[in-house]
Amino acid sequence: MEAPPFASSTKTLSFRSSSPSSLLFFRKNRLSFRPSRNFCVRASSPGDSVVTLLDYGAGNVRSVRNAIRHLGFDVKDVQTPEDILNANRLVFPGVGAFAAAMDVLNKNGMAEALCSYIEKDRPFLGICLGLQLLFESSEEKGPVKGLGLIPGVVGRFDSSNGFRVPHIGWNALQIRKDSLILDDVGSNHVYFVHSYRAMPSDENKEWVSSTCNYGDNFIASVRRGNVHAVQFHPEKSGDVGLSILRRFLYPKGQLTKKPTERKALKLAKRVIACLDVRTNDKGDLVVTKGDQYDVREHTKENEVRELGKPVELARQYYKDGADEVSFLNITGFRDFPLGDLPMLQVLRYTSENVFVPLTVGGGIRDFTDANGRKYSSLEVASEYFRCGADKISIGSDAVYAAEEYLRTGVKSGNSSLEQISRVYGNQAVVVSIDPRRVYLKNPEDVGFKTIRVTNPGPNGEEFAWYQCTVSGGREGRPIGAYELAKAVEELGAGEILLNCIDCDGQKKGFDIDLIKLISDAVSIPVIASSGAGSAEHFSEVFRKTNASAALAAGIFHRKEVPIQSVKEHLLNEGIEVRI
């Protein structure tokens with residue numbers, strides 16, 4: 001895999017794929033050190049406000065930068081192995097695939113420097129893949145050898161027991177020992193997004209500071225001396241995550257533990273705020289909301305319905321307790337995705353103050369600009385990740401890819417879905433499905449999956465299938481939602497955003513029949529969308545289906561149902577949520 005070709009605001013290490021045979025320096029599952037005369041260690045100076053960041057160019061680390069700066073520190077990027085050894089504090093926010101990351105570290109001489117730094121008990125914080133790489137090896141596209149500092153093998157979650165993979169969402173920690181940086185976390189949820197994990201054992205028990213339960217108890221964090229690493233994302237875990245980073249950056253600071261009213265127990269159901277973003281008739285970027293995908297007011301002027309400014313609304317939803325914020329650019333900047341500078345700026349500004357996951361969708365596809373320059377969907381996605389997105393939502397392009405896959409039975413590897421998931425991992429790719437209900441008197445009338453509907457159709461029809469659409473619901477396609485969901489899971493989707501054109505803007509509740517059909521059919525998380533009009537609609541969809549999250553837009557924009565009211569209702573109904 002080659003590095004995304006766009007230049008970012010900071011220089012990053014080149015990103016290339018790996019094979020086990022390309023990994024250097026290893027002997028007996030441990031790194032064999034070859035000291036360099038050029039390497040030197042600089043003593044930390046008191047009051048130094050610089051944090052060294054190891055960014056090898058494989059995903060969104062803007063939020064880590066923003067969180068560090070939010071806490072009053074400057075960021076210095078690693079350019080050479082010496083930068084690692086000279087660091088006063090080193091943060092490694094690993095993103096992407098294990099093998100590719102190890103390949104980068106080895107080819108640039110960073111692996112040796114990392115091990116030397118850590119073995120000297122220097123202040124270190126690894127995040128997500130930054131934890132996994134400390135172990136001996138990984139089964140991801142492997143076996144692939146890791147840094148070998150902690151005994152153990154990183155393996156994939158087992159989805160055969162009914163747990164959805166990737167593990168996405170806010171889960172609880174079980175603190176094993178004093179970890180210093182986790183002092184504020186014990187009774188709160190933190191945000192995870194991963195498909196692979198390391199397991200505790202007698203050999204690594206001295207390292208393990210906390211575990212998390214998701215089918216099995218896996219390692220959520222490790223600590224030895226000044227060396228810390230976490231499987232979750234503190235930069236995406238709200239105020240609790242910021243407290244983790246603060247305690248790492250101020251290890252001797254006088255920080256008091258924050259009391260919590262309720263103890264986190266397990267993986268929480270997520271409440272997601274969605275912002276449909278488009279330009280209004282004056283060319284300004286605004287948040288709007290459709291009524292069955294129609295976003296214009298029914299007035300003489302027929303103007304775009306405006307419900308606020310995207311950055312301000314996103315910040316407010318973060319304060320209100322939204323577990324994620326999703327931006328859907330419904331103009332899709334159809335002719336030139338990367339020329340949509342206002343949307344890229346929205347992501348940059350939002351990520352400065354919003355420390356929960358951000359998803360962006362609209363226009364993620366291959367395209368050619370007016371000068372004949374061709375851009376791949378991977379390049380488009382890469383720019384979004386650099387601007388602050390954590391996940392990319394793909395709509396129409398995923399439908400075309402699924403149709404081709406079902407027609408040929410071959411994974412071409414060239415679709416936007418396959419390209420992005422291959423480089424950034426399937427947890428970074430959401431497929432947005434926009435189906436329309438088609439009623440039937442006889443389920444044998446079509447060659448797609450049909451269901452017996454709870455509420456009969458206008459002519460008493462008892463059956464229906466869900467026809468997928470593209471281009472914002474304007475064009476129906478010869479593929480059902482069930483068939484599409486199964487296909488995109490095989491092609492590399494990590495999550496499904498399940499809309500319903502019939503329910504959109506109606507505020508009569510989610511389409512339970514549809515959501516149950518899809519959430520029972522796939523082993524990846526499903527986000528229920530379209531139709532929420534009350535807090536009760538959220539508890540209904542969580543009770544009656546296997547949805548992992550529920551999303552709403554209009555009722556939050558219009559302040560008809562506050563996010564906190566939804567969460568309080570779910571809590572009273574015995575449904576685990578993040579408070």
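Note that this is a predicted model, so its numbers are computed, not measured.
Contact record, Gly473 with Ile501: CA-CD1, 3.8 Å, taken as the closest heavy-atom pair. Closest non-hydrogen pair, Asp520 versus Asn546, comes out as OD1-ND2, 2.7 Å. Of all the heavy atoms in Gln427 and Ile168, the pair that sits closest is O-CD1, 4.4 Å. Closest non-hydrogen pair, Leu173 versus Ala220, comes out as CD2-CB, 3.5 Å.
Rounded to the nearest 0.5 Å, atoms CZ (Phe218) and CE (Met199) are 9.0 Å apart. Once rounded to the nearest 0.5 Å, the distance linking CZ of Arg246 with CG of Asp239 reads 8.0 Å.
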His233 vs Ile127, side-chain contact (heavy atoms from CB on, under 4.5 Å): CA-CA, chis, key distance, verdict = CA-CA 6 Å; His233 287 266; Ile127 297 174; 3.9 Å; yes
Full working for side-chain contact (heavy atoms from CB on, under 4.5 Å) between Leu267 and His167 = CA-CA 9 Å; Leu267 183 67; His167 172 218; 3.9 Å; yes
task = For the pair Leu570 and Val271, evaluate side-chain contact (heavy atoms from CB on, under 4.5 Å) and give the outcome as yes or no after the intermediate values.
result = CA-CA 10 Å; Leu570 293 173; Val271 177; 4.0 Å; yes
query = side-chain contact (heavy atoms from CB on, under 4.5 Å) between Val91 and Phe248: does it pass, once the steps are laid out?
reply = CA-CA 10 Å; Val91 176; Phe248 171 72; 3.9 Å; yes
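A donor-acceptor pair under 3.5 Å links the side-chain atoms of Lys486 to the main chain of Ala521, judged by distance alone. Under the 3.5 Å distance criterion, the side-chain polar atoms of Arg477 are left unmatched by any main-chain donor or acceptor of Val470. Side chain of Asn459 to main chain of Glu461: no donor-acceptor pair is present (N/O by atom type, distance under 3.5 Å, no hydrogens or angles). A donor-acceptor pair is defined here as one N or O able to donate and one able to accept, closer than 3.5 Å; such a pair exists between the side chain of Lys269 and the backbone of Ala547. Of the possible polar contacts, one joining the Ser396 side chain to the Ser471 backbone as a donor-acceptor pair under 3.5 Å is found. The backbone N or O of Cys500 lies less than 3.5 Å from a partner atom in the side chain of Ser530, making a donor-acceptor pair. No donor-acceptor pair under 3.5 Å is formed between the side chain of Ser565 and the backbone N or O of Val561. Using modelled atom types, one side-chain atom of Arg164 and one backbone atom of Ile524 make a donor-acceptor pair closer than 3.5 Å. With Arg437 contributing its side chain and Cys503 its backbone, the two residues share no donor-acceptor pair below 3.5 Å. Not one N or O on the side chain of Tyr482 forms a donor-acceptor pair closer than 3.5 Å with the backbone of Leu514.
Remark: Glu383 engages Arg386 in a salt bridge, criterion side-chain N to carboxylate O under 4.0 Å.
By the neighbour-count criterion of 12 heavy atoms within 6.0 Å, atom OH of Tyr349 is sparsely surrounded, having that number or fewer from other residues, nucleotides or ligands. When the shell of 6.0 Å around NZ of Lys177 is examined, it contains more than 12 heavy atoms from other residues, nucleotides or ligands.
Side-chain atoms of Ser351 and Ser63 include no donor-acceptor pair closer than 3.5 Å. Residues Asn499 and Ser529 bring a donor and an acceptor atom of their side chains to less than 3.5 Å of each other. Side-chain contact check for Glu489 and Ser523: at least one donor-acceptor pair (N or O, by modelled atom type) lies under 3.5 Å. Between the side chains of Ser539 and His569, at least one donor N or O sits under 3.5 Å from an acceptor N or O.
Counting heavy atoms from C-beta outward, Leu313 and His557 have side chains that approach closer than 4.5 Å. For the pair Val277/Val346, no side-chain contact is recorded, criterion being any heavy-atom separation below 4.5 Å from C-beta on. Annotation: side chain of Leu182 is in contact with side chain of Ile244 (closest heavy-atom distance under 4.5 Å). You'll find the side chain of Val311 stays beyond 4.5 Å of the side chain of Asn353, heavy atoms only. With a 4.5 Å cut-off on side-chain heavy atoms, Ile451 and Tyr466 count as touching.
The salt bridge (charged side-chain N to carboxylate O under 4.0 Å, His left out) analysis of residues 389-402, with sequence neighbours excluded, yields the pairs Lys236-Asp390, Glu324-Lys391, Lys391-Glu495.
Taking the six-membered ring where the residue is Trp, the centroids of Phe232 and Phe192 are separated by under 6.0 Å. Between Phe542 and Phe510, the distance from one ring center to the other does not fall under 6.0 angstrom. Taking the six-membered ring for Trp, His194 and Tyr214 have ring centres at least 6.0 Å apart. Taking the six-membered ring where the residue is Trp, the centroids of Phe163 and Phe157 are separated by 6.0 Å or more.
When each of Thr359, Leu358, Ile364, Ile420 is checked for a side chain to side chain contact (heavy atoms under 4.5 Å, CB included) with Tyr384, only Ile364 meets the rule.
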